Amino acid sequence: MTAARELLSGPALRVAPRLLGAVLVSDIGGASVAVRITEVEAYEGAADPASHAFRGPTPRTAVMFGPPGGLYCYFTYGMHWCANVVCGTDGVAAAVLLRAGQIVEGADTAFARRPAARTARELARGPARLASCLALDVTTNGVDLCDPASPVRIEGVRRRRPPRVVAGPRVGISVATDRPRRFWVDGDPTVSTFKAGGRRAGAPKRP
DNA sequence: AGGACGATTAACT
DNA sequence: GTTAATCGTCCTC
């Protein structure tokens, strides 16, 4: 196994903070776009009711049950794609959702793919925005991020989490809030706005 | 075969 | 602060 894949293998809670600062590179449609990851979320498999893999493997979640280093892309809300890095080993479904990042290469292409973006910092601020900047969709589902021949690759995965990492609750999730599973680079302007527990910013749910 | 809903975003008031 | 857009997936007949 390659060193990079080794670093991507293991429980999502351990791999997730490691991805902060790593760079995802996409070579699609003749253009190269790269994003430095600034915000992620950990999704475990059977033990995590918020995970797509919670109810066992399906055609959609097959990649999540595959080898670590895979790219799991899924379609949501009838219009958006989001992307995960698969990290589970031995048939255990686990993945890290890529929530936000800073475009470090191919900004012109990213702007062309995201006409609504007015500034560079909002290009990849949010999981669906990040995916669209890199043209991640059904055609990239399951690609091996550790294969130099892949159209999408990951570089610079660290052995330990970088400095200034903060943890908190996942976004858009109202179950399994027992512990923080979202990690981001503190103070980074590309990190998405915080929305806890399945509702928009505001007071926590009261019984 | 039918229907509810979502790991979201953009555009509103 | 609120809400529409829009459709694949999965659960329930």
Side-chain angles (χ1 to χ4, degrees), chain A residues 11-13 15-17 19-20 24 35 37-66 70-88 92-101 103 110-142 145 167-184 189-206:
Chain A
L13 268 175
V15 173
L19 291 176
L20 296 172
L24 201 68
V35 61
I37 298 163
T38 59
E39 180 186 357
V40 296
E41 280 178 358
Y43 287 86
E44 304 295 344
D48 182 358
S51 166
H52 288 170
F54 182 56
R55 294 170 200 283
T58 66
R60 174 214 203 185
T61 60
V63 173
M64 259 188 97
F65 289 82
L71 183 70
Y72 166 49
C73 302
Y74 69 91
F75 186 66
T76 190
Y77 288 100
M79 62 194 94
H80 300 303
W81 288 92
C82 297
N84 298 251
V85 175
V86 174
C87 56
V92 174
V96 179
L97 173 67
L98 304 176
R99 285 201 56 91
I103 300 296
F111 271 113
R113 289 170 176 166
R114 296 213 40 76
R118 302 169 61 91
T119 64
R121 63 167 256 184
E122 66 189 15
L123 276 175
R125 187 163 91 148
R129 291 165 166 177
L130 185 153
S132 75
C133 278
L134 273 59
L136 308 180
D137 57 25
V138 65
T139 65
T140 57
N141 188 36
L145 297 172
R170 292 185 292 199
V171 175
I173 296 294
S174 55
V175 295
T177 53
D178 54 306
R179 59 183 304 180
R181 297 173 193 273
R182 170 177 177 249
F183 304 88
W184 66 95
T190 64
V191 170
S192 69
T193 54
F194 172 64
K195 295 152 289 206
R199 67 200 38 115
R200 298 287 156 171
K205 182 180 186 178
R206 274 174 296 187

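The figures here come from the full heavy-atom set of this structure, side chains too, leaving out hydrogens, waters and symmetry mates. Below, chains carry the letters A, B, ... as their sequence lines are ordered, and counting in each starts from 1. All figures in this text were calculated on a predicted structure; none of them were measured in a lab.
In this structure, the CD atom of A:E44 is 16 Å from the P atom of B:dA7, given to the nearest Å. The CZ atom of A:R125 sits 14 Å away from the P atom of B:dT8 (whole-angstrom rounding). One atom, NE2 of A:H52, and another, C1' of C:dG8, lie 11 Å apart when rounded to the nearest Å. In this structure, OH of A:Y77 is placed 16 Å from P of C:dC7, rounded to the nearest angstrom. In this structure, the CZ atom of A:F54 is 14 Å from the P atom of C:dC10, given to the nearest Å. B:dG6 atom P lies 14 Å from atom CZ of A:R170, rounded to whole Å. In this structure, CH2 of A:W81 is placed 16 Å from C1' of B:dT9, rounded to the nearest angstrom. Across the protein-nucleic acid pair, A:R55 atom CZ and C:dC11 atom C1' stand 8 Å apart, rounded to whole Å.
Listed nucleotides C:dC11, C:dC10, B:dA10 differ in distance to A:P59; the shortest reach to its side chain belongs to C:dC10. Residue A:R129 places its side chain closer to B:dT9 than to any other of B:dA7, B:dT9, C:dC11. Nearest to the side chain of A:T61, among B:dT8, B:dT9, C:dC10, sits C:dC10. Taking every side-chain heavy atom of A:A128 into account, B:dT9 is the closest of C:dC10, B:dT9, C:dT6. When the nucleotides C:dC11, C:dA5, B:dA7 are ranked by their closest atom to the side chain of A:Y43, B:dA7 comes out on top.
Taking 4.0 angstrom as the limit, A:T76 places none of its side-chain polar atoms (N or O) nearer than this to OP1 or OP2 of B:dT8. Taking side-chain N and O atoms only, A:R114 has no distance below 4.0 Å to OP1 or OP2 of B:dT9. Phosphate contact (OP1/OP2 of C:dT6, side-chain N/O of A:H80, threshold under 4.0 Å): absent.
The main-chain N or O of A:A95 is never found under 3.5 Å from a side-chain atom of A:N84 such that the two would form a donor-acceptor pair.
Residues A:D48 and A:A176 approach most closely at OD1-CB, 3.8 Å, considering heavy atoms.
A salt bridge is defined here as a Lys NZ or Arg NE, NH1 or NH2 lying under 4.0 Å from an Asp or Glu carboxylate O, and A:E39 with A:R182 meets this definition. Look at A:E41 and A:R99 and you find a salt bridge, because one of the NZ, NE, NH1 or NH2 atoms lies within 4.0 Å of a carboxylate O, short of that distance.
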Run the side-chain hydrogen bond (donor to acceptor under 3.5 Å, both in side chains) test on A:R114 and A:S132 for me, step by step, so that the C-alpha distance in whole Å, both residues' side-chain angles and the decisive distance to 0.1 Å come before the verdict. CA-CA 7 Å; A:R114 296 213 40 76; A:S132 75; 2.9 Å; yes
If you apply the rule side-chain contact (heavy atoms from CB on, under 4.5 Å), what do you find for A:L20 with A:F183, and how did you get there? CA-CA 8 Å; A:L20 296 172; A:F183 304 88; 3.9 Å; yes
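When each of A:L134, A:L123, A:L98 is tested with A:V35 by the rule side chain to side chain contact (heavy atoms under 4.5 Å, CB included), just one qualifies, namely A:L134.
Helical stems of DNA chain B (runs of at least 3 Watson-Crick or G-U pairs, donor-acceptor distances under 3.5 Å) are listed by first residue: B:1-6 with C:7-12, B:8-12 with C:1-5.
Nucleic acid contact class of A:A116 (heavy atoms, under 4.0 Å, all strands): sugar-phosphate only.
In this structure, the ring of A:H52 has its center less than 6.0 angstrom from the ring center of A:Y74.
Distance noted for atom C1' between B:dC5 and C:dT3: 16 Å (whole Å).
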